Amino acid sequence: MKPSLRTTIAGIEMVNPLMMSSGTFGFGEDFTRFSDFDNAQVGAIVLKGTTLKPRLGNPPPRIAETPAGVLNSIGLQNPGVEAVVTEILPRLAESGLQTPLVANIAGETVDEFAELATRFSQATNLAAIEVNISCPNVRHGDLDFGAEPRPASEVIAAVRSAPHLPLIAKLTPNTARTVDVARACVDAGADALSLINTLTGMVIDLSSRRPLLGNKTGGLSGPAIKPVAVAKVHQVFDAGGHLVPLVGMGGISNGDDAYEFILAGAAAVGVGTVLFYNHRAPREISAGLAAHLERAGFRRLSDAVGAAHSKKHWRKGSDETT
Amino acid sequence: MKPSLRTTIAGIEMVNPLMMSSGTFGFGEDFTRFSDFDNAQVGAIVLKGTTLKPRLGNPPPRIAETPAGVLNSIGLQNPGVEAVVTEILPRLAESGLQTPLVANIAGETVDEFAELATRFSQATNLAAIEVNISCPNVRHGDLDFGAEPRPASEVIAAVRSAPHLPLIAKLTPNTARTVDVARACVDAGADALSLINTLTGMVIDLSSRRPLLGNKTGGLSGPAIKPVAVAKVHQVFDAGGHLVPLVGMGGISNGDDAYEFILAGAAAVGVGTVLFYNHRAPREISAGLAAHLERAGFRRLSDAVGAAHSKKHWRKGSDETT
Amino acid sequence: MSAPRHQPSDEPVYRESAPVVRVSALRGGHCRLRLGAPSIAASIRPGQFVNVGPPGDSTLLRRPFGVYQTLDRTDIELLFKVVGKGTAALAEVSPGDELDIIGPLGNGFDLSEDFAETAVLVAGGFGVAPLYALAQALREKGSQTYLFVGTEEDVPVETSDSSMQLSFVDPDVKITLTDFEELGAVARVASMRHRPGFFHGLASELLERFLHHAGSGCNARVYACGPWAMLKRTAGIAAEYNLTCEVLLEERMGCGIGACMSCAVRLKGENGEPVYARACVEGPVFDAAIVDWDAK
Amino acid sequence: MSAPRHQPSDEPVYRESAPVVRVSALRGGHCRLRLGAPSIAASIRPGQFVNVGPPGDSTLLRRPFGVYQTLDRTDIELLFKVVGKGTAALAEVSPGDELDIIGPLGNGFDLSEDFAETAVLVAGGFGVAPLYALAQALREKGSQTYLFVGTEEDVPVETSDSSMQLSFVDPDVKITLTDFEELGAVARVASMRHRPGFFHGLASELLERFLHHAGSGCNARVYACGPWAMLKRTAGIAAEYNLTCEVLLEERMGCGIGACMSCAVRLKGENGEPVYARACVEGPVFDAAIVDWDAK
Ligand SMILES: Cc1cc2nc3c(=O)[nH]c(=O)nc-3n(C[C@H](O)[C@H](O)[C@H](O)COP(=O)(O)OP(=O)(O)OC[C@H]3O[C@@H](n4cnc5c(N)ncnc54)[C@H](O)[C@@H]3O)c2cc1C
Ligand SMILES: Cc1cc2nc3c(=O)[nH]c(=O)nc-3n(C[C@H](O)[C@H](O)[C@H](O)COP(=O)(O)OP(=O)(O)OC[C@H]3O[C@@H](n4cnc5c(N)ncnc54)[C@H](O)[C@@H]3O)c2cc1C
Ligand SMILES: Cc1cc2nc3c(=O)[nH]c(=O)nc-3n(C[C@H](O)[C@H](O)[C@H](O)COP(=O)(O)O)c2cc1C
Ligand SMILES: Cc1cc2nc3c(=O)[nH]c(=O)nc-3n(C[C@H](O)[C@H](O)[C@H](O)COP(=O)(O)O)c2cc1C
Ligand code: FES
Ligand code: FES
């Protein structure tokens with residue numbers, strides 16, 4: 001019997017565990033221009049990071065290629081929550097799209113996060129809210145909201161107090177305190193954690209001798225960061241992340257990669273940068289993942305989640321030693 | 001006129017700015033087995049990380065390949081400071097080696113770091129000590145010594161109080177607080193900073209379904225991490241790192257890469273993982289770097305250091321935004 | 001053409017496993033590449049582009065290229081210059097290899113209506129590549145086409161000496177692009193180096209001389225592709241003469257289909273506030289009048 | 001051979017740009033690759049290895065391979081199985097391509113002295129590859145060589161039926177490895193699947209039967225290469241019979257020349273405390289008596 005890929009995390013019911021990552025899939029209306037791409041193939045769609053006001057974004061160039069990776073500095077260009085809730089989401093509803101939609105919110109203050117959540121709660125076709133406390137654009141003093149447990153917890157608590165929708169906290173890898181931040185988010189009410197967002201990076205253009213990106217630094221994604229992402233997922237799962245589902249992402253480009261994240265402890269996976277060079281990746285990844293599960297004798301995806309761990313309990317981050 | 005690559009940092013006089021990175025070059029006695037490799041070609045040799053007692057190291061496998069990167073978990077296998085000071089360093093002196101040698105020290109406590117520095121100060125053929133506050137093996141409670149300014153500063157201050165040799169503090173990228181840690185190290189007496197050490201990562205073996213490395217996690221190096229390393233060097237230089245020389249490293253494999261680090265603010269560069277697949281890299285890198293300097297009209301290497309920056313002063317880490 | 005709508009495009013995009021039909025190395029590291037791509041060839045319009053996955057593992061992202069021409073309605077021909085890793089790998093392919101390409105992408109030149117009797121194309125270096133298909137379309141529409149190419153390096157396509165005299169330049173400025181002249185277009189090459197047969201100066205100066213000579217009655221339309229500074233000058237001259245000018249902007253891209261916002265081009269927004277449009281959907285061809293030329 | 005010294009080796013290592021002379025695909029994804037590498041070919045000894053940079057950009061690290069044999073004193077031949085990215089890329093090379101290789105690396109088998117009249121080689125699958133050069137050397141020394149290969153998959157080298165009867169197995173166990181039999185070695189193949197001509201069981205059982213049959217007077221020396229469990233069993237049997245046994249251990253490597261400590265093999269230290277030796281310098285061949293067989 002073929003193993004089932006059906007997945008439910010934080011109440012989001014998905015045909016497979018593949019969530020199109022925020023910022024790499026627009027608002028779900030672009031990849032469908034490919035005749036061989038169908039949104040119904042994917043587990044869920046996480047919409048582009050949305051702010052309270054429309055946001056211009058960073059000056060170009062906004063993207064650079066690096067060894068096995070991509071550096072971006074979009075700067076959260078988006079039309080603002082008003083346009084997303086009153087124009088884009090209704091348009092998606094009218095199109096008959098059944099794929100679960102997840103909003104991705106980015107505030108500049110705790111209050112903005114809360115207001116964004118409230119506004120999105122009014123939408124009728126949202127399955128969850130992903131709280132982007134890891135966008136390197138939006139800072140809490142000197143650091144990301146997501147770099148330390150306290151600000152992270154404040155944001156999640158504030159968003160939690162807004163009505164109903166399941167909450168996913170999206171964590172940054174740019175901190176030594178991932179486990180503490182994860183725990184703080186769960187304690188503050190996050191229903192799931194997604195990890196990782198991009199690593200801060202820079203490329204310098206050798207002819208102009210200046211940083212290549214208009215914003216100087218950018219976020220590194222793609223295969224290059226996969227080992228860092230797998231380590232974070234493994235570490236958070238080990239430290240108690242198995243108490244809430246984890247969405248693992250960072251460089252997934254085929255079924256092997258997705259299986260690796262599942263074994264590390266991810267209940268679902270994010271598919272991002274690979275879409276830029278292979279729009280068929282979601283199909284290939286779910287086929288590859290199913291084949292792995294079958295070969296290993298797992299009947300359900302959930303049986304494989306965290307299979308790389310010996311024991312599953314909250315522990316002091318001792319697994320970070322190398 | 002050919003631009004000169006001669007470099008002096010923290011009193012270490014080098015024929016070129018290429019420092020063979022700790023852990024990738026043993027104790028300087030291995031690459032010379034290649035008939036076309038000569039230690040005289042390189043600016044300096046940083047010896048394998050050394051501990052007070054001989055150290056067994058981590059269980060194998062200790063190395064894995066990742067997209068454009070290498071994950072290692074050596075676990076600081078080394079013969080201990082006694083053997084290095086009484087056997088290896090004298091052997092190197094007898095061999096007539098002129099290349100400056102830098103010890104790399106890793107303690108488990110602040111006192112151990114201080115004792116290591118004292119012991120190494122007795123050697124007659126050491127040019128400097130690199131203080132490895134970034135080894136993911138050796139932890140200060142939950143975190144690296146190098147993850148937070150306070151423990152970093154304690155280590156450097158303790159080492160500083162040991163006799164004479166110039167000190168280089170080696171920083172970890174696995175923290176959000178790189179600038180604060182850098183500043184703390186300089187304030188505590190570091191004569192130079194080297195950055196970056198490896199990023200924590202993991203690879204899971206899909207057939208055994210367990211972490212591939214014997215130690216589960218390892219340190220990621222190689223081209224994959226170059227954008228992260230360049231961003232850190234740029235950020236620390238911008239925040240005041242120009243007050244002390246920076247040794248930039250992480251994925252350097254050719255002259256372009258080395259030039260990129262120099263423009264970002266490095267006064268010297270580390271050459272590590274590339275040696276595993278191209279022992280001629282030092283020669284190629286210095287030739288490539290000289291060609292870049294000549295083309296750009298820099299007469300001396302030092303004129304190019306930090307050329308990617310508009311202004312050079314201590315600033316709040318505002319450059320981390322993407 | 002006005003400010004962009006930021007709406008999803010609904011034009012279909014095809015992915016093809018395109019066999020290499022022919023590769024020819026040209027002077028100065030330029031390369032002409034013919035690919036079998038029937039779905040794309042049948043639907044692509046001048047100014048649209050394809051996104052090509054370079055062979056091998058050394059690159060991740062696809063590389064965008066205009067289409068020089070479509071052939072036999074089944075093939076497309078690219079003309080590109082080797083500048084980095086991706087183009088180097090592309091220049092190494094052999095007939096029979098397959099390339100993973102997607103297209104047609106972008107909006108293309110506005111050929112729907114009110115085209116002018118006279119069209120002036122201004123190109124910098126290999127910016128000439130996406131203009132040949134445009135020149136073909138303009139011929140079908142019956143426009144008289146002029147092409148001014150500025151280049152310091154080798155001319156990316158075959159050149160010959162034109163026997164046609166032009167009143168707005170010295171008679172010894174006669175290097176023409178053979179392909180274009182065969183279409184009936186008048187082509188001249190400008191260079192800042194003194195080279196026999198070349199116009200000494202910028203391509204935009206050729207445009208200026210032409211317009212000056214043609215006088216105010218001239219209802220030309222201007223099309224341009226090349227480096228920013230050249231496009232900016234060209235846009236300025238066109239504006240001075242009150243002419244519509246379309247520019248093809250080469251921006252760095254991620255997805256190529258509108259999903260990632262990587263390919264931002266700063267436009268002057270409705271109320272003077274800048275907006276960023278996507279070069280891969282609202283572009284790569286923009287009305288020069290709405291581009292914010294101070295953005296770079 | 002005793003516990004390792006952790007001293008730098010002073011044997012020279014050559015880097016060669018080695019042209020591919022011949023590639024032949026064998027059964028079961030095995031591949032035989034002949035490379036022109038005169039400096040290495042002239043100096044490499046059985047059990048030493050080379051480190052090969054796979055072509056293209058998809059891998060960083062070199063891949064270690066034993067040398068099947070040296071040919072004409074200028075070429076080396078590798079025999080490998082496609083298991084991952086690097087070996088897949090290597091299997092795709094064509095004659096004339098050049099591979100970046102370094103060698104000779106490692107210590108090699110101990111052929112300096114007190115070699116035995118009888119040598120028994122035990123191999124798991126493509127662990128047979130580094131043993132052919134050893135078998136050649138043993139013939140030169142005049143030893144009678146036996147080879148027992150265990151494999152569930154295809155035998156990595158050409159096989160034929162041996163006409164020679166062996167007293168310690170059924171007469172219908174007669175599959176032999178042609179190359180080895182031509183050297184005068186007696187070879188038999190073991191498999192856990194029932195296959196005609198194969199010995200049904202483990203290669204180590206063939207060893208055990210052989211030693212049992214030969215009796216306690218047999219002064220054989222045992223050499224083995226293959227998976228850990230097989231080597232452990234083989235080492236145990238050799239110890240039981242008080243025979244010297246050398247094992248070639250395949251560890252994951254970084255530098256290949258002793259600088260990085262990646263290739264650690266746990267040995268029983270002098271005072272019972274474990275030590276890690278470098279497979280690339282103190283190995284890949286170890287005295288089975290000092291290997292810590294509980295390490296994996
Ligand atoms: C719409 C469009 C049409 C184009 N048409 C042509 C054409 O017909 N002929 C031609 O020779 N070139 C054309 N270009 C430019 C071409 O895309 C680049 O030269 C090519 O991407 C360089 O790739 P590389 O790997 O060799 O360079 P690298 O510098 O190694 O590339 C690194 C990254 O930067 C991007 N990049 C580098 N230069 C450019 C550029 N000028 N424009 C956009 N992205 C760039 C690459 O796509 C890649 O993502 C076009 C660009 C665009 C956007
Ligand atoms: C001294 C020595 C001699 C060897 N001789 C032979 C031989 O003659 N024929 C043969 O077929 N194989 C031999 N091997 C094994 C061979 O090195 C691996 O099969 C090969 O490295 C796999 O590379 P890959 O890229 O295909 O696999 P991948 O799994 O993609 O490789 C990933 C990384 O793991 C390493 N790795 C994977 N498997 C092994 C392994 N078994 N041993 C060491 N490193 C490994 C690779 O070198 C690479 O660094 C030998 C290994 C050693 C150490
Ligand atoms: C172009 C681009 C834009 C992104 N924008 C967002 C965003 O708006 N919000 C967010 O939470 N993550 C954003 N990300 C991060 C991705 O969602 C994802 O976490 C990251 O890219 C790692 O996964 P990948 O390697 O599969 O791309 C963006 C990534 C890219 C490449
Ligand atoms: C196998 C290996 C061992 C290392 N051992 C040490 C060490 O002992 N001490 C240290 O400070 N850094 C150590 N490093 C880190 C390197 O010195 C360097 O900081 C890092 O690898 C990044 O540079 P690279 O990408 O050029 O290798 C080690 C790296 C590798 C790959
Ligand atoms: S390249 Fe992704 S939106 Fe244009
Ligand atoms: S592989 Fe580097 S020491 Fe053996």
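Note that the structure is a prediction, hence the values are computed from the model and not measured. Labels below follow one simple rule: chain letters A, B, ... track the order of the sequence lines, proteins then strands, and each chain is numbered from 1.
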* In terms of heavy-atom pairs under 4.5 Å, which option from Val230(B), Leu206(B), Leu71(B), Leu263(B) contacts chain A the most? -> Leu206(B)

* Please name the residue in the list Ile204(B), Asp205(B), Leu212(B) that meets the side-chain contact (heavy atoms from CB on, under 4.5 Å) test with Glu260(A). => Ile204(B)

* Structure fact -> Between the CG atom in Asn174(B) and the CG atom in Leu199(A), the distance rounded to the nearest 0.5 Å is 9.5 Å

* Structure fact -> Between the NZ atom in Lys216(A) and the CD atom in Gln235(B), the distance rounded to the nearest 0.5 Å is 11.5 Å

* Asked: What pair of heavy atoms forms the shortest contact from Thr217(A) to Ala231(B), and how long is it?
  -> CG2-CB, 4.5 Å

* Asked: Mind checking whether Lys226(A) and Val203(B) have side chains closer than 4.5 Å, heavy atoms only?
  -> no

* **Gap separating the CZ atom of Arg177(B) from the CD atom of Glu148(A), nearest 0.5 angstrom** => 6.5 Å

* **Atom group of Ala296(A) that falls short of 4.5 Å from chain B, counting heavy atoms** => both

* Structure fact -> From the list Arg62(A), His292(A), Arg210(A), the residue making the most non-hydrogen contacts under 4.5 Å with chain B is Arg210(A)

* Structure fact -> In short, Pro211(A) meets Ala308(B) closest at the heavy-atom pair CD-O, 3.6 Å

* To do: With a 4.5 angstrom heavy-atom cut-off, could you sort out which part of Leu220(B) is near chain A: side chain, backbone, both or neither?
  => side chain

